[in-house]
Amino acid sequence: MSRPPREFRIERFFVALSDRTRLRLLNLMRENEVCVCFLVEALQCPQPTISRHLAYLRRAGLVSARKEGRWMHYQIAKPPDAHVARILDETLSSLVRDKEMQRDRARLVEFCCSESVPVHLRQAPRPATLPRPQPTGV
């Protein structure tokens, strides 16, 4: 039995945006559905911390989750109100210029797209829209 969708609450939306770690997570999911394992690596934070922030973002209606085997994937969920959606879009656009957000994004691409992915991430599904590593020496 699935849960009914939570009622959107504007105050929860703004509280979700008031935390730096949650903004960093949203920045990484800006264009991609991302497995939580890659979010942990990119932000260099403990998995329980990342999961706690992702749960808050879910409660706020800002992200949705999908399970694939043992992997949890998260992506940004469009807010139900057009004005709120515009605030989120503007917030995400402003993060692009932030140096820490740029470093996070570079780490995400590095972990997702490197040929030498850490052992614990080798079976993890990679985001579809990030560049794929080119095979070497065929």
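The chain is numbered in sequence order, starting from 1.
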- prompt: V96, L17: one ILVMFWY side-chain cluster at the under-4.5 Å cut-off?
  reply: no
message: If you define the side chain from C-beta out and look only at heavy atoms, does anything of D98 sit under 4.5 Å from L23?
response: no
message: Checking the side chain of S18 only, and the main-chain atoms of V15 only, is there a donor and an acceptor separated by less than 3.5 Å?
response: yes
- prompt: Do V63 and H53 have side chains that get closer than 4.5 Å, going by heavy atoms?
  reply: no
query: Within a strict 4.5 Å, meaning less than it, do heavy atoms of the L57 and I76 side chains meet?
result: no
Sidechain N-carboxylate O distance under 4.0 Å for E41, R107: no
query: Of all heavy-atom pairs between V40 and C45, which one has the smallest distance, and what is that distance?
result: CG1-O, 3.2 Å
query: Is the shortest side-chain N to carboxylate O distance from R103 to E110 below 4.0 Å?
result: no
task: Considering non-hydrogen atoms only, spot the tightest contact between A77 and S64 and give its length.
output: CB-N, 4.1 Å
query: How about D81 and I10: do any of their side-chain heavy atoms sit closer than 4.5 Å?
result: no
query: Are E90 and S94 linked by a side-chain donor-acceptor pair shorter than 3.5 Å?
result: no
- prompt: Are any non-hydrogen side-chain atoms of R66 and M72 less than 4.5 angstrom apart?
  reply: no
message: Are L43 and L28 packed together at the side-chain level, in the sense that at least one heavy-atom pair is separated by less than 4.5 angstrom?
response: yes
message: Side chains of I87 and F13, heavy atoms from C-beta outward: is any pair under 4.5 Å?
response: yes
message: Has R22 got a side-chain atom pairing as donor or acceptor with A16's backbone, closer than 3.5 angstrom?
response: yes
Minimum heavy-atom distance between W71 and C37, given as atom pair plus value: CZ3-SG, 3.7 Å
- request: Using distance alone, with no hydrogens and no angle criterion, decide if R30 and N27 have a side-chain donor and acceptor under 3.5 Å apart.
  value: yes
field: Side-chain donor/acceptor of R12 to backbone N/O of R59, under 3.5 Å
entry: yes
query: Going from CZ on R24 to CG on D19, what distance comes out if it is rounded to the nearest 0.5 angstrom?
result: 10.0 Å
message: Return the CZ to CG distance between R105 and L95, rounded to the nearest 0.5 Å.
response: 11.0 Å
- prompt: Do the non-hydrogen side-chain atoms of Y74 and L25 ever get within less than 4.5 Å of each other?
  reply: no
query: Roughly how far, to the nearest 0.5 Å, is CG of L108 from CE of M29?
result: 10.5 Å
field: Shared hydrophobic cluster, V84 / Y56 (ILVMFWY, side-chain heavy atoms < 4.5 Å)
entry: no
